[in-house]
Q: 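My questions all concern the structure below.
No hydrogens, no waters, no symmetry mates; every other heavy atom, side chains included, goes into these values.
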Amino acid sequence: MRFEVTVNTQEAYPVISLKDSHSGCQAEVYAFGGLLNAFRLPTPKGVINVIEGFSSVADAQQNITRGFRSAKLSPFACRLTKGSYRFQDKAYKVESHYMGEHAIHGLLYNIAFDITGSSADETCAQVTLHHHYTGTDAGYPFPYEVTITWKLQAGNHLSVTTTVQHNNTTPIPFIDGWHPYFTLGPTIDACTLQFNSGLQLEFSADLLPTGNALPDKRFVNGASLKGVALDNSFLLDPQKEPSRCVFSNDHLQLTIEPDASYPYLQIYTPPSRKSIAIENLTGAPDAFNNGIGLILLQPLEKRSFTTNYTLS
């Protein structure tokens with residue numbers, strides 16, 4: 001059979017491998033956080049992993065908040081002003097991780113997902129993970145269900161679909177996203193970046209949207225990342241389908257194609273410059289306060305969000 005799924009239970013939480021035996025392409029997913037820890041492809045220069053991941057599940061458990069590499073962003077993304085917001089005339093303050101005075105990156109980045117299904121055949125290998133958030137954080141007392149399906153297909157194509165729903169009696173505020181760090185070699189300075197956006201969200205000094213948008217067409221036709229520092233959010237052009245983002249160097253190209261449910265693209269270049277965070281988001285940072293892209297998830301409504309990654 002061309003595709004296969006294997007599960008390693010020797011670590012603290014299962015490690016799932018999806019593999020294409022024809023191309024040698026492989027994706028490694030942790031049940032811890034539901035995160036993508038590796039996306040590997042054999043090349044003439046050896047097997048390359050384009051994800052800056054963790055050495056083990058234990059490493060991820062200890063260090064996930066140091067950069068939130070590959071983290072699931074849910075039910076809010078990026079910064080939330082002082083961890084506080086108002087919803088339906090009531091004030092809330094989340095208890096989870098803070099960076100300075102602001103809460104950051106949601107509530108699910110360090111939870112354990114259950115494996116609820118896996119399959120492999122001649123067309124794909126996939127695994128489905130599930131978590132029931134029970135409203136344990138006083139700042140987000142709204143239980144909801146989240147299901148994540150990672151699927152590897154021919155052509156070195158990896159997709160991830162997140163589906164959420166809840167049975168609260170009223171709508172709940174919600175944002176979804178991912179926080180992977182991609183690397184194509186020793187430094188991103190040898191890489192170029194292209195994506196379909198000419199608008200950057202204006203940020204305050206605290207990296208919170210002001211409500212204004214600024215023209216920024218640097219990356220529409222592709223641009224070198226040499227010496228470029230980014231910690232910005234861009235609005236993808238809905239007139240250009242798919243909303244493609246291409247990260248490449250002389251040897252490799254990673255194409256990221258979010259569906260219409262992810263209209264925001266957050267880009268971050270860490271100080272090490274070994275990798276770049278390319279984050280697909282359903283809404284802007286601090287959406288619980290500014291309303292930019294905020295989803296009001298209705299009771300029993302199912303919402304799905306998909307991103308596709310292709311290596312060549």
Q: Please examine the side chains of Leu35 and Val29, heavy atoms only from C-beta on, and report whether any two atoms are closer than 4.5 Å.
A: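 No - every pair of side-chain heavy atoms lies 4.5 Å or more apart.
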
Q: Evaluate side-chain hydrogen bond (donor to acceptor under 3.5 Å, both in side chains) for Ser17 paired with Gln26, printing each intermediate quantity in order.
A: CA-CA 7 Å; Ser17 174; Gln26 182 182 28; 2.6 Å; yes

Q: So, for Ser304 and Thr163, which heavy atoms are closest and what is the spacing to 0.1 Å?
A: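 Shortest heavy-atom contact: OG-OG1, 2.7 Å.
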
Q: Which atoms form the tightest heavy-atom contact between Pro180 and Trp178, and what is the distance?
A: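 Closest approach of Pro180 to Trp178, heavy atoms only: CD-C, 3.3 Å.
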
Q: Hey, do the aromatic rings of Phe288 and Tyr92 have their centres closer than 6.0 Å?
A: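 No: the rings miss the under 6.0 Å criterion.
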
Q: Return yes if a side-chain donor-acceptor contact under 3.5 Å exists between Asp286 and Thr81, otherwise no.
A: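 Short answer, yes.
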
Q: Would you indicate whether the side-chain heavy atoms of Val50 and Leu41 approach each other to under 4.5 Å?
A: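 Sidechains of Val50 and Leu41: no contact.
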
Q: State yes or no: do Leu73 and Tyr262 share one hydrophobic cluster built from I, L, V, M, F, W and Y residues joined by side-chain heavy-atom distances below 4.5 Å, directly or via other members?
A: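 They do not share one cluster, since no chain of ILVMFWY contacts under 4.5 Å joins Leu73 to Tyr262.
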
Q: Between Lys19 and Glu4, does at least one N-O distance fall below 4.0 Å, as a salt bridge requires?
A: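 Result for this pair is no, no salt bridge flagged.
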
Q: Evaluate the criterion side-chain contact (heavy atoms from CB on, under 4.5 Å) for residue pair Lys302 and Val164; output intermediate values, then yes/no.
A: CA-CA 6 Å; Lys302 278 190 178 182; Val164 294; over 6 Å; no

Q: Please check if the number of heavy atoms outside Lys217 that lie under 6.0 Å from its NZ is greater than 12.
A: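 12 or below, so no.
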
Q: Working to the nearest 0.5 angstrom, can you tell me the gap between Tyr309 OH and Leu36 CG?
A: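 Going from OH on Tyr309 over to CG on Leu36, the span is 7.0 Å.
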
Q: Around atom CG of Asn212, are there more than 12 heavy atoms of other residues, nucleotides or ligands at under 6.0 Å?
A: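 Yes, enclosed.
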
Q: Name every donor-acceptor pair, under 3.5 Å, that has one atom in a side chain of residues 143-154 and the other anywhere in the protein, sequence neighbours excluded.
A:
residue	atom	partner	partner atom	Å
Tyr144	OH	Ser74	OG	2.6
Glu145	OE1	His130	NE2	2.5
Thr149	OG1	Thr128	OG1	3.1
Trp150	NE1	Gly34	O	3.0

Q: Tyr109 versus Thr65: any side-chain heavy-atom pair under 4.5 Å?
A: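 Of all side-chain heavy-atom pairs linking Thr65 with Tyr109, at least one is under 4.5 Å.
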
Q: So how far is it from Thr183 OG1 to Ile188 CD1, rounded to the nearest 0.5 Å?
A: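 It is 9.0 Å, given to the nearest 0.5 Å.
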
Q: Have His102 and Lys82 got a donor and an acceptor in their side chains that come within less than 3.5 Å?
A: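 Judged by distance alone, the side chains do not pair up.
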
Q: Give a yes-or-no answer on whether the side chains of Asp20 and His22 include a donor-acceptor pair shorter than 3.5 Å.
A: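 Per modelled atom types, Asp20 and His22 side chains form no pair under 3.5 Å.
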
Q: Under 3.5 Å, is there a donor-acceptor pair between the Thr116 and Asp114 side chains?
A: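 No, no side-chain donor-acceptor pair sits under 3.5 Å.
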
Q: Do Ser233 and Pro285 have side chains that get closer than 4.5 Å, going by heavy atoms?
A: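 Yes, their side chains come closer than 4.5 Å.
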
Q: Can you tell me how far the CG atom of Leu254 sits from the OG1 atom of Thr310, to the nearest 0.5 Å?
A: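 With rounding to 0.5 Å, CG (Leu254) is 8.0 Å from OG1 (Thr310).
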
Q: What are the two closest non-hydrogen atoms of Leu294 and Pro173, and how far apart are they?
A: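 Closest approach of Leu294 to Pro173: CD1-CB, 4.0 Å.
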
Q: Would you give the length of the straight line joining atom OG of Ser56 to atom CD of Gln62, rounded to the nearest 0.5 angstrom?
A: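 Atom-to-atom, Ser56:OG and Gln62:CD are 9.0 Å apart.
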
Q: Measure centre to centre between the rings of Tyr140 and Phe142, then say whether the value is under 6.0 Å.
A: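 Judged by ring-centre distance (under 6.0 Å), Tyr140 and Phe142 do meet the cut-off.
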
Q: Carefully, step by step, assess Leu193 and Val246 under the rule side-chain contact (heavy atoms from CB on, under 4.5 Å).
A: CA-CA 6 Å; Leu193 187 67; Val246 179; over 6 Å; no

Q: Check Pro263 against Ser261 and note the closest heavy-atom contact, atom names and distance.
A: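 Distance-wise, the nearest heavy atoms are CD-O, 3.1 Å.
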
Q: Indicate whether any N or O donor in one side chain lies under 3.5 Å from an N or O acceptor in the other, for Asn156 and Ser23.
A: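 The criterion, which ignores hydrogens and geometry beyond distance, is satisfied for Ser23 and Asn156.
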
Q: Counting only N and O atoms by type, is there a donor-acceptor contact under 3.5 Å from the side chain of Asp137 to the main-chain atoms of Ser96?
A: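 Answer holds: yes.
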
Q: Where the side chain of Asn249 meets the backbone of Leu184, is there a donor-acceptor pair that is under 3.5 Å apart?
A: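 Yes: the side chain of Asn249 pairs with the backbone of Leu184.
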
Q: Does either side chain, that of Asn37 or that of Tyr30, offer a donor lying less than 3.5 Å from an acceptor on the other one?
A: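 A pair is found: one side chain offers a donor N or O, the other an acceptor, under 3.5 Å apart.
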
Q: Does any part of the side chain of Ile115, heavy atoms only, come nearer than 4.5 Å to the side chain of Ile16, both counted from C-beta?
A: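 When only atoms from C-beta onward are counted, Ile115 and Ile16 do touch, with a gap below 4.5 Å.
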
Q: If we ignore hydrogens and angles and just use 3.5 Å, is the side chain of Ser118 paired with the main-chain N or O of Gln126 as donor and acceptor?
A: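 Between the backbone of Gln126 and the side chain of Ser118 there is no qualifying donor-acceptor contact (under 3.5 Å).
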
Q: Is the Phe195 to Phe234 ring centre distance short of 6.0 Å?
A: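 Yes, the ring centres sit under 6.0 Å apart.
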
Q: Does a donor on one side chain and an acceptor on the other come within less than 3.5 Å for Gln61 and Asn63?
A: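 Short answer, no.
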
Q: Tell me whether Arg69 contacts the main-chain N or O of Gly53 through its side chain, where contact means a donor paired with an acceptor under 3.5 Å.
A: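 Yes, because the side chain of Arg69 sits within donor-acceptor range (under 3.5 Å) of the backbone of Gly53.
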
Q: Looking only at side-chain N and O atoms, does Ser248 offer a donor or acceptor that is under 3.5 Å from a partner on Gln253?
A: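 Absent: no donor and acceptor within the cut-off.
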
Q: Does Tyr13 have more than 12 heavy atoms from other residues, nucleotides or ligands lying within 6.0 Å of its OH?
A: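 Counting neighbours around OH of Tyr13, 12 or fewer heavy atoms of other residues, nucleotides or ligands fall under 6.0 Å, so no.
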
Q: One thing to verify: whether Arg303 and Glu301 come together as a salt bridge, which I'm taking to mean a side-chain N less than 4.0 angstrom from a carboxylate O.
A: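 Looking at Glu301 and Arg303, the cut-off is met.
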
Q: Could you see if Tyr268 belongs to whatever hydrophobic cluster contains Val228? Use Ile, Leu, Val, Met, Phe, Trp, Tyr and a side-chain cutoff under 4.5 Å.
A: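 Tyr268 does not cluster with Val228.
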
Q: Which pair of non-hydrogen atoms, one from Arg79 and one from Met99, has the smallest distance, and what is that distance?
A: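 Scanning both residues, the minimum pair turns out to be NH2-SD, 3.4 Å.
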
Q: So, are Arg2 and Asp121 salt-bridged, with charged N and O less than 4.0 Å apart?
A: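 Salt bridge between Arg2 and Asp121, a charged N being under 4.0 Å from a carboxylate O: no.
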
Q: Distance from Ile278 atom CD1 to His179 atom NE2, nearest 0.5 Å?
A: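 Here the interatomic distance stands at 11.5 Å.
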
Q: Do any N or O atoms from the side chain of Asp259 and from the backbone of Thr306 form a donor-acceptor pair under 3.5 angstrom?
A: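 Yes, because the side chain of Asp259 sits within donor-acceptor range (under 3.5 Å) of the backbone of Thr306.
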
Q: Are Ile51 and Phe182 side-chain neighbours, meaning at least one heavy-atom pair lies under 4.5 Å?
A: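 With C-beta onward as the side chain, the pair touches.
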
Q: Hey, what do you get for CG (Asn280) to CD (Glu257), rounding to the nearest 0.5 Å?
A: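 Reported value, rounded in 0.5 Å steps: 10.5 Å.
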
Q: side-chain hydrogen bond (donor to acceptor under 3.5 Å, both in side chains) for Asn168 and Thr170? Distances and angles first, verdict last.
A: CA-CA 6 Å; Asn168 297 279; Thr170 61; over 6 Å; no

Q: Report the residue from Arg273, Lys226, Lys274 that forms a salt bridge (Lys or Arg N to Asp or Glu O under 4.0 Å) with Asp189.
A: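 Of the listed options, the one satisfying the test is Arg273.
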
Q: Counting C-beta onward and ignoring hydrogens, is there a side-chain heavy-atom pair between His97 and His105 closer than 4.5 Å?
A: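 His97 vs His105: side chains apart.
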
Q: Do Ile111 and His132 pass the side-chain contact (heavy atoms from CB on, under 4.5 Å) test, and can you show the C-alpha distance, the side-chain angles, and the key distance before you say yes or no?
A: CA-CA 10 Å; Ile111 57 90; His132 178 204; over 6 Å; no

Q: Indicate whether any N or O donor in one side chain lies under 3.5 Å from an N or O acceptor in the other, for Asn308 and His157.
A: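 Note: Asn308 and His157 side chains meet the donor-acceptor criterion.
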
Q: Can you hop from Val220 to Leu214 via hydrophobic side chains spaced under 4.5 Å?
A: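 The answer is no; the residues belong to distinct hydrophobic clusters.
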
Q: Evaluate the side-chain contact (heavy atoms from CB on, under 4.5 Å) criterion for residues Asn289 and Phe76: first the C-alpha distance (whole Å), next the side-chain angles of each, then the deciding distance (0.1 Å), finally the verdict.
A: CA-CA 11 Å; Asn289 288 304; Phe76 63 88; over 6 Å; no

Q: Leu199 and Ala213: which non-hydrogen atoms are nearest, and at how many Å?
A: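 Reported closest heavy-atom pair: CD2-CB, 4.3 Å.
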
Q: Answer whether the closest heavy-atom distance between the side chains of Phe39 and Leu158 falls below 4.5 Å.
A: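 Yes, at least one pair of side-chain atoms sits under 4.5 Å.
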
